[in-house]
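These notes are about the structure you will find just below.
Sequential numbering from 1 along the given sequence is applied to the chain's residues. Basis for what follows: all heavy atoms, side chains included, without hydrogens, waters or symmetry-related copies.
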Amino acid sequence: MTVSECYQCCRCTNGCPVASDMEIVPHRVMGYILKGEREKVLSSTSPWRCLQCATCSIRCPNGIDIAHVFEILRRLAIESGLAAKGGTWCFDDLIIKSVARHGRLSELEAVTRYRLSNREFLKDAAMGIDMLKRGRIGLTSHNVRGRKTLGAIIREIRERTGT
């Protein structure tokens with residue numbers, strides 16, 4: 001099914017676990033796409049807030065794969081230079097790079113790199129120290145077996161998709 005099949009029933013938005021955190025909720029994103037308001041959709045934070053859980057796609061009565069649409073919007077936002085303000089796409093990129101390096105996410109590394117890139121090193125520092133004390137995150141990353149293969153796969157996908 002194509003986006004043009006959307007009749008704005010709102011089931012995608014009603015099922016989305018992060019709709020309340022989105023700048024533009026899923027059914028409205030689909031509406032703006034139908035109206036041709038490309039810049040409004042691509043410059044919003046909504047595609048970056050999407051968890052890719054596919055609840056929206058499952059709930060759509062027309063079978064539109066809305067999660068895939070959001071994934072494409074992310075790619076188009078980067079390609080067009082309209083990626084969301086506030087660096088949400090940078091955080092996404094840092095997470096993927098961390099997984100490529102270690103085979104899994106190194107939370108402390110990703111957050112530290114993100115804060116350094118935004119020059120907000122001490123923001124959330126108290127929460128980070130508390131998480132370290134409670135053992136929720138570690139000081140060092142734990143590499144997994146096969147991480148080089150995983151890293152090569154991620155790099156190849158990124159080269160093919162241009163992301």
Side-chain angles (χ1 to χ4, degrees), residues 1-121 123-124 127 147 149-163:
M1 288 290 161
T2 63
V3 173
S4 63
E5 300 291 325
C6 177
Y7 54 76
Q8 300 286 295
C9 67
C10 303
R11 290 185 71 182
C12 54
T13 298
N14 291 338
C16 178
V18 293
S20 61
D21 293 328
M22 288 187 171
E23 191 176 337
I24 305 170
V25 293
H27 79 277
R28 293 202 189 270
V29 167
M30 302 300 277
Y32 286 130
I33 291 171
L34 291 172
K35 289 180 188 173
E37 297 191 36
R38 175 188 163 98
E39 189 170 329
K40 187 169 195 159
V41 172
L42 295 180
S43 63
S44 79
T45 58
S46 296
W48 304 99
R49 299 278 183 198
C50 174
L51 300 174
Q52 292 291 302
C53 68
T55 303
C56 53
S57 302
I58 293 166
R59 293 177 58 99
C60 179
N62 288 333
I64 301 169
D65 190 352
I66 299 164
H68 185 65
V69 170
F70 273 66
E71 183 184 331
I72 291 169
L73 291 174
R74 287 180 182 187
R75 193 174 327 140
L76 291 173
I78 292 172
E79 288 173 5
S80 65
L82 294 171
K85 52 197 173 284
T88 45
W89 73 273
C90 294
F91 193 66
D92 196 62
D93 187 52
L94 287 170
I95 289 173
I96 293 170
K97 285 179 179 172
S98 177
V99 171
R101 266 192 302 276
H102 306 290
R104 61 190 286 179
L105 174 63
S106 172
E107 297 96 346
L108 187 60
E109 176 193 271
V111 170
T112 302
R113 287 179 185 266
Y114 180 70
R115 292 296 179 210
L116 285 173
S117 70
N118 290 330
R119 297 184 180 155
E120 300 173 324
F121 187 69
K123 188 174 182 180
D124 301 328
M127 182 175 65
R147 69 180 181 279
T149 304
L150 179 62
I153 292 169
I154 290 172
R155 279 189 293 280
E156 186 174 328
I157 290 170
R158 296 187 103 186
E159 285 175 15
R160 284 184 186 185
T161 60
T163 56

Give, for atom [atom1] of [X] and atom [atom2] of [Y], the distance between the pair rounded to the nearest 0.5 Å.
{"X": "E23", "Y": "R28", "atom1": "CD", "atom2": "CZ", "result": "13.0 Å"}
{"X": "C10", "Y": "R59", "atom1": "SG", "atom2": "CZ", "result": "10.5 Å"}
{"X": "Y114", "Y": "S98", "atom1": "OH", "atom2": "OG", "result": "15.5 Å"}
{"X": "I78", "Y": "D92", "atom1": "CD1", "atom2": "CG", "result": "7.0 Å"}
{"X": "I153", "Y": "R158", "atom1": "CD1", "atom2": "CZ", "result": "14.5 Å"}
{"X": "L94", "Y": "L105", "atom1": "CG", "atom2": "CG", "result": "10.0 Å"}

Once side-chain hydrogen bond (donor to acceptor under 3.5 Å, both in side chains) is applied, do any residues pair with [X], and if so which ones, sequence neighbours excluded?
{"X": "K123", "value": "none"}
{"X": "S106", "value": "none"}
{"X": "R38", "value": "none"}

So, do V69 and V29 sit near enough that their side-chain heavy atoms are less than 4.5 Å apart?
-> no
Partner residues of [X] under the side chain to side chain contact (heavy atoms under 4.5 Å, CB included) criterion, sequence neighbours left out:
{"X": "A152", "value": "R155"}
{"X": "T112", "value": "L108, L116, F121"}
{"X": "C16", "value": "V18, A19, M22, P26"}
{"X": "L150", "value": "V99, I154"}

Enumerate the residue pairs fulfilling side-chain hydrogen bond (donor to acceptor under 3.5 Å, both in side chains) with a member in residues 3-18, sequence neighbours excluded, ordered by first and then second residue.
-> T2-S4, T13-H27
For [X] versus [Y], what's the shortest heavy-atom pair and its separation?
{"X": "F91", "Y": "A110", "result": "CE1-O, 4.4 Å"}
{"X": "V3", "Y": "L34", "result": "O-CD2, 3.6 Å"}
{"X": "F70", "Y": "C50", "result": "CD2-CB, 3.7 Å"}
{"X": "D65", "Y": "S57", "result": "OD1-OG, 2.8 Å"}

Sequence neighbours left out, what pairs pass salt bridge (charged side-chain N to carboxylate O under 4.0 Å, His left out) with at least one residue falling in residues 94-105?
-> D93-K97, R101-E109
Can you establish whether the number of heavy atoms outside E37 located under 6.0 Å from its atom CD is more than 12?
-> yes
Listed partners of E120 passing salt bridge (Lys or Arg N to Asp or Glu O under 4.0 Å), at least two apart = R115
Could you tell me whether the side chain of T55 and the main chain of G15 form a donor-acceptor pair under 3.5 Å?
-> no
